[in-house]
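Here the structure comes first, spelled out in structure tokens, and everything after it is commentary.
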Amino acid sequence: IIARKEFLMIKQLGVSATTPCTHPVMRKILTDAYPDARLVDDERITDEDRLIEYLSGCDAAIVGFEPVTDRVLEALPELKIISKFGAGCETIDFDALKRHGIRFGYTFGVNKLSVAELALSFMVNALRWVTPLNQAMRAGDRPRYRNGELLTGRTVGIHGCGNIGKEVVRLLKPFNCKILSCDLKDYSEFYIENKITPVSFEELLSQSEVLTLHLPKTQSTRGLYARQVLEKMRPEAVLVNTCRGEIVDEEALADRLETGALRAACFDVFAVEPAEDDRLLNLPNFLSTPHIGASTEETRVAMAQAALRGLKENEFVDPEKFYDN
């Protein structure tokens, strides 16, 4: 978004995003800027009625993944500005924002380094068999050794070369990897500058030794990595997902990992969170974390500051900037 720096005087700010209200440093950042802000504390608002009730009377809001729908906005006529805390806007109806004339503040890429570092650590972990070896040692098996592979020199495919994908490229530079990229957008200048090979989806699947996903959750990406797609990946490949759940068919993934048709997978995100599929979670060649991609102290502070900045630097959004039709 190219922000229009038009500051509207805020009378009552409501923060319905749980994370910045429960983290002491982020909470202080919010209250220092807006001492009378309404903070949600540790409640997670997941339904429209509660969000309407909570934001009633507010002319500005900082939201996380609460359902910002047409019905909600219709019931909140005083609301003039919404700023997004964190990344991911799949619970926001941008057509409704436009209809109701509500300004939106958002900072792209504020969590890019944190997520990219996690993705990189996943790659090394999987290639060196860290998780199964650690599990074996904890179980008392005391394995002698197991040869893994270096990340250095591997062919790494990046599906989605936006802010986080570009940061992964930067972090991979010392590893001298051959980097492939698949993206709907044209990043040709970036590709040339960083010696990246743009490829089709089919080529990405067949050539990547490590495949890392950095896609938004949209109509076209939900279920994209279905069973028939996973079958096209190299059997020795590692699949890394630090973007969103529901993009990969988790049952099909478990089948491939269980049979050895896929070397390993490392996921920070799941279709249902907290994750529930114990069959997948307990596979020795599957490494999981509970959606911690943006969970570093430095990133949390930056996210809180970005959310506040969005209250001052915002615009009437064009839904096409966020929707993938």
Counterpart residues, side-chain hydrogen bond (donor to acceptor under 3.5 Å, both in side chains), relative to S288 (two or more places apart):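 In terms of side-chain hydrogen bond (donor to acceptor under 3.5 Å, both in side chains), with neighbours along the sequence ignored, S288 is linked to no residue.
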All side-chain hydrogen bond (donor to acceptor under 3.5 Å, both in side chains) counterparts of R142, not counting sequence neighbours: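 Here no residue qualifies.
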Shortest non-hydrogen contact from [X] toward [Y]:
X: L151; Y: L127; value: CA-CD1, 3.7 Å
X: A237; Y: L262; value: O-CD1, 3.6 Å
X: I45; Y: S16; value: CD1-CB, 4.2 Å
X: A87; Y: N111; value: CB-ND2, 3.8 Å
X: G245; Y: K217; value: O-CD, 3.3 Å
X: S83; Y: L311; value: CB-CD2, 3.8 Å

Using 4.0 Å as the upper bound for N to carboxylate O, is an ion pair formed by [Y] and [X]?
X: K11; Y: D36; answer: no
X: D49; Y: R71; answer: yes
X: E251; Y: R279; answer: no
X: E167; Y: R170; answer: yes

May I ask you to decide if [Y]'s main-chain N or O and [X]'s side chain share a donor-acceptor pair within less than 3.5 Å?
X: S114; Y: G293; answer: yes
X: K166; Y: C161; answer: yes
X: E250; Y: A271; answer: yes
X: T107; Y: V110; answer: no
X: T221; Y: L215; answer: no
X: H23; Y: V25; answer: yes
X: D93; Y: D95; answer: yes
X: R27; Y: C21; answer: yes
X: R103; Y: N314; answer: yes
X: D249; Y: Y225; answer: no

Transitively linked via ILVMFWY side-chain contacts under 4.5 Å: [X] with [Y]?
X: V240; Y: V130; result: no
X: V156; Y: Y187; result: yes
X: V238; Y: F122; result: yes
X: Y54; Y: I92; result: yes
X: L120; Y: L239; result: no

Mind checking the [atom1]-[atom2] spacing from [X] to [Y]? Nearest 0.5 Å is all I need.
X: E117; Y: T299; atom1: CD; atom2: OG1; result: 8.0 Å
X: R234; Y: E209; atom1: CZ; atom2: CD; result: 5.0 Å
X: M303; Y: T296; atom1: CE; atom2: OG1; result: 9.0 Å
X: S208; Y: R154; atom1: OG; atom2: CZ; result: 12.0 Å
X: L172; Y: K178; atom1: CG; atom2: NZ; result: 14.5 Å
X: T242; Y: H291; atom1: OG1; atom2: NE2; result: 9.0 Å

Would [X] and [Y] count as having a side-chain donor-acceptor pair, cut-off 3.5 Å?
X: Y191; Y: S181; result: yes
X: E48; Y: T69; result: yes
X: T289; Y: D268; result: yes
X: S206; Y: E203; result: no
X: H214; Y: T212; result: yes
X: K173; Y: N194; result: yes

If you count heavy atoms of other groups shown closer than 6.0 angstrom to [atom1] of [X], is the number above 12?
X: R222; atom1: CZ; result: yes
X: E189; atom1: CD; result: no
X: R38; atom1: CZ; result: yes
X: E74; atom1: CD; result: no

Side-chain touch [X]/[Y], heavy atoms, less than 4.5 angstrom:
X: L283; Y: L280; result: yes
X: T131; Y: N285; result: no
X: I158; Y: I179; result: yes
X: F270; Y: P290; result: no
X: V15; Y: L30; result: yes
X: F316; Y: L97; result: no
X: N241; Y: C243; result: yes
X: E149; Y: R263; result: yes

Aromatic ring proximity F85/F65, centre distance under 6.0 Å: no
Chi angles and distances behind the side-chain contact (heavy atoms from CB on, under 4.5 Å) call for L230, R227: CA-CA 5 Å; L230 294 174; R227 185 176 299 274; 5.8 Å; no
Cationic tip of K98 above F104 ring, under 6.0 Å, 45° of axis: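 The answer is no, since K98 fails at least one limit relative to F104.
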Stepwise salt bridge (Lys or Arg N to Asp or Glu O under 4.0 Å) check, R50 with E53: CA-CA 5 Å; R50 177 59 184 130; E53 178 187 17; 3.2 Å; yes
Ring pair (Phe, Tyr, Trp, His ring centres under 6.0 Å) partners for F267, two or more places apart: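 Here the qualifying residues are F286.
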Ring pair (Phe, Tyr, Trp, His ring centres under 6.0 Å) between F201 and H159, worked out: CA-CA 8 Å; F201 187 30; H159 199 172; 5.1 Å; yes
Candidate pair N134 and R138, rule side-chain contact (heavy atoms from CB on, under 4.5 Å), full reasoning: CA-CA 6 Å; N134 176 259; R138 285 173 177 263; 3.0 Å; yes
Intermediate values then yes/no, side-chain contact (heavy atoms from CB on, under 4.5 Å), L79 and I81: CA-CA 6 Å; L79 192 61; I81 305 169; over 6 Å; no
